[in-house]
Amino acid sequence: MTPPDDIVRAVEALLFASAEPLSVDSLRAYVGGGDVRAALERLEADYAGRGVALVRRGDRWHFQTAPDLAHLLRRDREEPRRLSRAGVETLAIIAYHEPVTRAEIEAIRGVQISKGTLDVLMEAGWVRPAGRREVPGRPLLYATTPAFLAHFGLASRRDLPGLDDLRAAGLLDPVDLMPEGAHVGAFAVEKDDDSD
Amino acid sequence: MTPPDDIVRAVEALLFASAEPLSVDSLRAYVGGGDVRAALERLEADYAGRGVALVRRGDRWHFQTAPDLAHLLRRDREEPRRLSRAGVETLAIIAYHEPVTRAEIEAIRGVQISKGTLDVLMEAGWVRPAGRREVPGRPLLYATTPAFLAHFGLASRRDLPGLDDLRAAGLLDPVDLMPEGAHVGAFAVEKDDDSD
Amino acid sequence: MAEPEQLTLDLDGWEGPLDLLLSLARAQKVDLRAISILALVEQYLRFVDRAKVLRLELAADYLVMAAWLAYLKSALLLPRDPEVEPDPEELALRLQLRLERLNAMREAGARLMARDRLGRDVFPRGRAEGLRTIRRARWQAELYDVIAAYGRISARNRPVMHVVADREVMTLETALARIGALLGTRLDWTTLESFLPDGSDRLRKSALASSFLAALELAKQGRAELRQAAPFAPLYLRAAS
């Protein structure tokens with residue numbers, strides 16, 4: 001940029017350092033007179049197309065980062081997290097029974113689902129809302145996504161082992177039964193171990 | 001100014017929005033690669049002579065107002081707390097000799113350091129403990145921080161005023177901790193005054 | 001109750017004998033490298049003497065320094081004794097170096113403080129939006145976990161079939177046949193219990209229930225008569241006459 005004159009530099013520095021947007025009057029009070037409006041116009045032109053823009057809000061002026069760069073100001077960092085037991089069980093029920101309502105999942109698990117569990121599965125991209133069941137209350141249905149199949153290396157849901165396969169694999173042996181005190185029918189609210 | 005390209009705009013926006021000076025590495029993490037150094041050079045040139053300047057402090061960069069506009073901006077701002085004479089001298093000794101032990105600081109000043117002096121410097125964020133000297137007693141070492149460079153407007157410790165002359169004159173040589181006889185080894189405790 | 005003289009000294013605020021020496025040296029108004037150590041020593045000793053006259057309490061280290069400087073002065077004035085180590089000229093030089101060093105740091109500190117300081121002379125952006133790092137979880141689970149979980153749920157929900165093994169019962173048919181046959185052999189009123197077969201407690205309970213129903217059925221058919229004196233009293237049977 002061409003070096004600006006004194007009043008432009010002063011207005012630029014004042015707007016930059018101020019904790020508040022500044023009006024033309026208060027800018028004038030700081031720089032002690034001169035054509036503040038012309039300085040603002042010059043700055044507006046100088047900063048056009050840059051990463052920082054001079055903007056007017058009402059009768060006050062301030063600098064802000066260019067709106068199209070707002071996404072840069074946050075950086076996402078991914079951290080691997082293991083799904084909780086509640087999450088895995090809920091996912092399994094949805095995969096075997098889809099589409100299925102939350103109430104049905106709870107009836108099958110015998111434990112209420114805490115709020116975060118379905119959120120986590122949807123955040124992971126493995127579960128999606130899949131319409132509503134046309135019964136009173138029209139409860140939301142849940143189903144798995146293509147990303148679920150991709151993550152678990154399945155060509156289709158039919159590749160999930162059936163009950164007979166599970167029995168043959170010894171996975172139906174009631175070894176590790178249910179969480180303490182959570183009897184089928186008598187709902188206990190599961191621990192919120194999957195919510196953070 | 002001529003409209004800058006995407007990475008220049010991105011670096012400009014990031015430095016503008018950040019509450020802290022940013023290193024080249026962290027800038028790169030936000031913009032996702034590209035020639036950040038070239039972008040910084042371009043910005044340094046773009047802002048030369050303006051009311052706001054891009055400056056390097058240690059390995060971090062930030063925007064700040066131009067020094068010659070201080071008189072406009074200082075108005076109705078509180079002076080930062082004044083450092084005591086003991087504090088100023090101790091800070092200078094640490095900056096020019098770092099890393100340095102407390103005993104070495106005391107040997108140069110010829111008095112013991114009162115309890116609060118180092119605390120004040122550390123609280124200001126200008127001084128930090130920097131390991132221990134591997135001699136009997138393993139005394140703690142002190143050094144300056146990036147915030148010290150930022151506050152005093154130094155691009156690096158090499159920019160400390162008069163550093164080369166002092167070194168050439170032998171005034172920054174390691175301090176003799178066993179001075180001639182014990183005569184000045186009997187230190188006085190400095191006064192705990194906060195004025196200078 | 002500070003005396004005026006002491007007040008003056010305190011206000012000067014020397015930080016130890018080295019600081020006082022430096023102040024005296026600077027009062028010579030020459031480059032520190034060109035000062036006369038001898039003159040400096042005499043000034044210091046005069047200062048300490050004056051303080052004594054004014055009955056000022058000087059800290060011990062000022063007196064220690066005075067004693068050492070008195071020694072240095074005499075060593076510098078007397079003819080050089082090669083046996084004495086270290087050389088007094090060398091000692092004077094070291095003292096001068098210490099003063100230079102302290103002075104250098106004092107000036108460096110002043111220059112630091114006079115720089116354009118952030119927050120005093122130059123300012124960062126007043127309302128920086130700040131940068132944010134959003135941590136996102138990448139959720140992980142293995143297919144085995146999902147399958148095993150389903151197995152676990154199925155196991156706990158599987159319909160349970162209750163098979164009661166080896167249960168001793170007497171059916172109504174058996175009881176009818178048995179009592180019908182036995183009634184013919186009894187002539188008078190006989191208690192229901194006496195018709196029951198021997199066996200386990202469990203079998204007798206079952207036999208009692210089915211025999212009672214059998215007795216009612218026989219009475220209904222007109223083949224037997226029943227008699228009971230009171231509720232819960234023994235129940236008597238005989239063949240219908």
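Chain identifiers are assigned alphabetically (A, B, ...) following the order of the sequence lines, protein sequences preceding nucleic acid strands; residue numbering begins at 1 within each chain. Being a predicted model, the structure only gives us computed values, none of them experimental.
Between chain C and the options B/Val52, B/Leu154, B/Leu91, B/Leu14, heavy-atom pairs under 4.5 Å are most frequent for B/Leu154.
Neither the backbone nor the side chain of B/Ala29 comes within less than 4.5 Å of any heavy atom of chain C. If you measure heavy-atom distances from B/Tyr30 to chain C, the contacts under 4.5 Å come from the side chain alone. Interface residue C/Arg132: only backbone heavy atoms are found under 4.5 Å from chain B. Heavy atoms closer than 4.5 Å to chain C are found in both the backbone and the side chain of B/Ile93. The contact between B/Leu172 and chain C is made by backbone and side chain atoms together, counting heavy-atom distances below 4.5 Å.
Put simply, the side chain of C/Arg125 reaches to within 4.5 Å of the side chain of B/Phe16, judged on heavy atoms. Put simply, the side chain of B/Arg57 does not reach to within 4.5 Å of the side chain of C/Leu118, judged on heavy atoms. For the pair C/Glu15 and B/Gln112, the minimum side-chain heavy-atom distance is 4.5 Å or more.
At least one donor-acceptor pair under 3.5 Å links the side chain of B/Thr65 to the backbone N or O of C/Phe123. Side chain of C/Arg98 to main chain of B/Ala107: a donor-acceptor pair is present (N/O by atom type, distance under 3.5 Å, no hydrogens or angles).
Separating the CG atom in B/Asp68 from the CG atom in C/Asp121 is a distance of 11.5 Å, to the nearest 0.5 Å. Put simply, CG on C/Asp116 and CZ on B/Phe152 are 12.0 Å apart, with the number rounded to the nearest 0.5 Å. Note that CG of B/Leu73 is 13.5 Å distant from CZ of C/Arg120, once rounded to the nearest 0.5 Å. How far CG of C/Leu131 is from CD of B/Glu20: 9.5 Å, rounded to the nearest 0.5 Å.
Considering all non-hydrogen atoms of both residues, C/Ala128 and B/Ala17 come closest at CB-O, 3.4 Å. A pairwise comparison of heavy atoms in B/Leu166 and C/Ala104 identifies CD2-CB, 3.6 Å as the closest pair.
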Check residues 106-114 of chain C and write down every donor-acceptor pair under 3.5 Å in which the side-chain atom is one partner and the other belongs to a residue at least two apart or another chain.
unit_1: C/Arg106; atom_1: NE; unit_2: B/Glu89; atom_2: OE2; d: 2.5
unit_1: C/Arg106; atom_1: NH1; unit_2: C/Asp19; atom_2: OD1; d: 2.8
unit_1: C/Arg106; atom_1: NH2; unit_2: B/Glu89; atom_2: OE2; d: 2.7
unit_1: C/Arg106; atom_1: NH2; unit_2: C/Asp19; atom_2: OD1; d: 3.0

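Remark: C/Arg127 pairs with A/His62 by the side-chain hydrogen bond (donor to acceptor under 3.5 Å, both in side chains) rule, at least two apart or across chains.
Under the side-chain contact (heavy atoms from CB on, under 4.5 Å) test applied with C/Met105, the options B/Ile108, B/Val88, B/Ile94, B/Leu171 reduce to a single match, B/Ile108.
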